[in-house]
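Below is one structure, written out as structure tokens; comments come after it.
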Amino acid sequence: STAYYNPITRNYGFGVANPSASMHISGAAGSDLVNLVDAATINTNASDGNVFKVTLGGNRTLANPTNMVAGFTYMWIVEQDITGSRTLTYGSSFKFPGGTPPTLSTATGSIDVLSAVYDGTNILCTFQSDFS
């Protein structure tokens with residue numbers, strides 16, 4: 001399979017399908033940062049990208065994302081607003097080591113990162129807190 005990227009149209013294309021072929025990329029590859037809408041329930045559409053950012057304006061719930069692909073990795077950058085001390089709960093598909101969801105950093109403007117891989121059923125997460 002031959003893969004190509006058109007930087008003008010920002011579209012990807014593939015040649016003749018060959019399921020045994022691998023794709024090699026020379027240079028940087030990634031997706032644009034997707035800003036999520038802050039709301040009581042924060043929704044993520046994984047077809048928009050795989051790195052997401054939200055600034056919390058209150059205590060929120062991160063809903064189970066739509067359109068995830070098994071084997072893909074995803075990241076959520078979560079920032080506290082100028083008030084801070086916001087909390088985040090997670091949809092039922094989010095799974096954490098030991099079964100315990102993390103507690104966000106609470107300082108004004110603090111940044112935490114939730115990284116995950118989707119196994120086709122569960123969103124298997126790791127958490128890094130208090131980037132400064």
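We're numbering straight along the sequence, starting at 1. Note that these values count all heavy atoms, side chains included, but never hydrogens, waters or copies made by symmetry.
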Indicate yes or no: at least one non-hydrogen side-chain atom of [X] is less than 4.5 angstrom from one of [Y].
{"X": "Leu36", "Y": "Thr44", "result": "yes"}
{"X": "Leu56", "Y": "Leu104", "result": "yes"}
{"X": "Tyr90", "Y": "Thr61", "result": "no"}
{"X": "Thr73", "Y": "Ser115", "result": "no"}

| Between Ile111 and Ser105, is a side chain to side chain contact (heavy atoms under 4.5 Å, CB included) present by the stated rule, with each step listed? | CA-CA 7 Å; Ile111 298 172; Ser105 301; over 6 Å; no
[X] side chain to [Y] main-chain N or O, any donor-acceptor pair under 3.5 Å?
{"X": "Asp119", "Y": "Thr121", "answer": "yes"}
{"X": "Glu79", "Y": "Asp112", "answer": "no"}
{"X": "Asn67", "Y": "Ser47", "answer": "no"}
{"X": "Arg60", "Y": "Ala39", "answer": "yes"}

| Which value, rounded to the nearest 0.5 Å, describes the distance between Phe127 atom CZ and Phe96 atom CZ? | 8.5 Å
| query | Roughly how far, to the nearest 0.5 Å, is CD of Gln128 from CE of Met75? | reply | 7.0 Å
| field | Over all atoms of both residues, closest heavy-atom pair of Asn64 and Ser93 | value |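 Scanning both residues, the minimum pair turns out to be OD1-N, 2.9 Å.
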| task | May I have the step-by-step check of side chain to side chain donor-acceptor pair (under 3.5 Å) for Thr55 and Asp38, ending in yes or no? | result | CA-CA 7 Å; Thr55 300; Asp38 176 52; over 6 Å; no
| task | Output all residues satisfying side chain to side chain contact (heavy atoms under 4.5 Å, CB included) with Thr83, sequence neighbours left out; order by chain, then residue number. | result | Asp81, Arg86
| request: Assess whether atom CZ of Phe131 is packed by more than 12 heavy atoms of other residues, nucleotides or ligands within 6.0 Å. | output: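 Result for CZ/Phe131: enclosed.
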| Contacts of Asn43 that satisfy side chain to side chain donor-acceptor pair (under 3.5 Å) - sequence neighbours left out | none
| task | Using the test side chain to side chain donor-acceptor pair (under 3.5 Å), find all partners of Thr108 that sit at least two apart in sequence or belong to another chain. | result | none
| task | Please check if the distance between the ring centroids of Phe94 and Trp76 is under 6.0 Å. | result |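 Here the rings of Trp76 and Phe94 have centres that are less than 6.0 Å from each other.
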| Side chains of Ser31 and Asn50: do they bring a donor and an acceptor to under 3.5 Å? |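 Side chains of Ser31 and Asn50: pair found under 3.5 Å.
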| request: Dump the intermediate steps for side chain to side chain contact (heavy atoms under 4.5 Å, CB included) on Val78 and Val113, then the final yes or no. | output: CA-CA 6 Å; Val78 181; Val113 177; over 6 Å; no
Check the hydrophobic clustering (I, L, V, M, F, W, Y; side-chain heavy atoms under 4.5 Å; chains of links allowed) and say if [X] and [Y] are grouped together.
{"X": "Val69", "Y": "Phe52", "answer": "yes"}
{"X": "Val117", "Y": "Val34", "answer": "no"}
{"X": "Met68", "Y": "Val51", "answer": "no"}

| Derivation of the side chain to side chain donor-acceptor pair (under 3.5 Å) call for Asn59 and Thr87 | CA-CA 5 Å; Asn59 297 333; Thr87 62; 3.1 Å; yes
| Out of Ile123, Thr89, Leu114, which one pairs with Leu62 under the side-chain contact (heavy atoms from CB on, under 4.5 Å) rule? | Leu114
